[in-house]
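Down below is the structure, laid out as structure tokens.
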Amino acid sequence: MANYHVTQKKGQEGWNVKKENGDRASAIVSTQKEAEKLAKQYSANSGGGEVRIHRPNAGPIRDSDTVKPGNDPKSSKDTKY
């Protein structure tokens, strides 16, 4: 299982897809939506996990999604998607 973060550094135009505890970004793309899609693909290819989407400019986490067959710590379903 692999967790990924979608982030944007201050002053950066693109969005980073970074594996948790990784040294560098796995990908840099122009939109947050594209970065989120890639992060979910990478996580699924690694056996599932969590994708955490951060606010722009190195902001805090605004959303988190479990990619199957990852282990969702909450038993309730995600009603946002």
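Both backbone and side-chain heavy atoms feed into the values below; hydrogens, waters and symmetry mates do not.
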Shortest non-hydrogen contact from W15 toward P56 = CH2-CA, 3.6 Å

Could you check if a side-chain atom of V67 sits within less than 4.5 angstrom of a side-chain atom of E50, using non-hydrogen atoms only?
-> no

Which residue, V51, D65, T66, forms the side-chain contact (heavy atoms from CB on, under 4.5 Å) with S43?
-> V51

Which distance, rounded to the nearest 0.5 Å, do you find between the CZ of R55 and the CG of D63?
-> 9.5 Å

Locate the shortest heavy-atom distance separating Y4 from A2; write the atom from each residue and the value.
-> CE1-CB, 3.7 Å

Which pairs count as salt bridge (charged side-chain N to carboxylate O under 4.0 Å, His left out) when at least one residue sits in residues 11-22, sequence neighbours excluded?
-> E20-R52

Who passes side-chain hydrogen bond (donor to acceptor under 3.5 Å, both in side chains) against Q12, sequence neighbours left out?
-> N16

Could you give the side-chain donor-acceptor pairs of residues 21-32 under 3.5 Å, partners two or more places apart or in another chain?
{"unit_1": "T31", "atom_1": "OG1", "unit_2": "E34", "atom_2": "N", "d": "3.1"}
{"unit_1": "Q32", "atom_1": "OE1", "unit_2": "R62", "atom_2": "NH2", "d": "3.4"}
{"unit_1": "Q32", "atom_1": "NE2", "unit_2": "H54", "atom_2": "O", "d": "3.0"}

Search all heavy atoms of A39 against all heavy atoms of V6 and return the closest pair with its distance.
-> CB-CG2, 3.9 Å

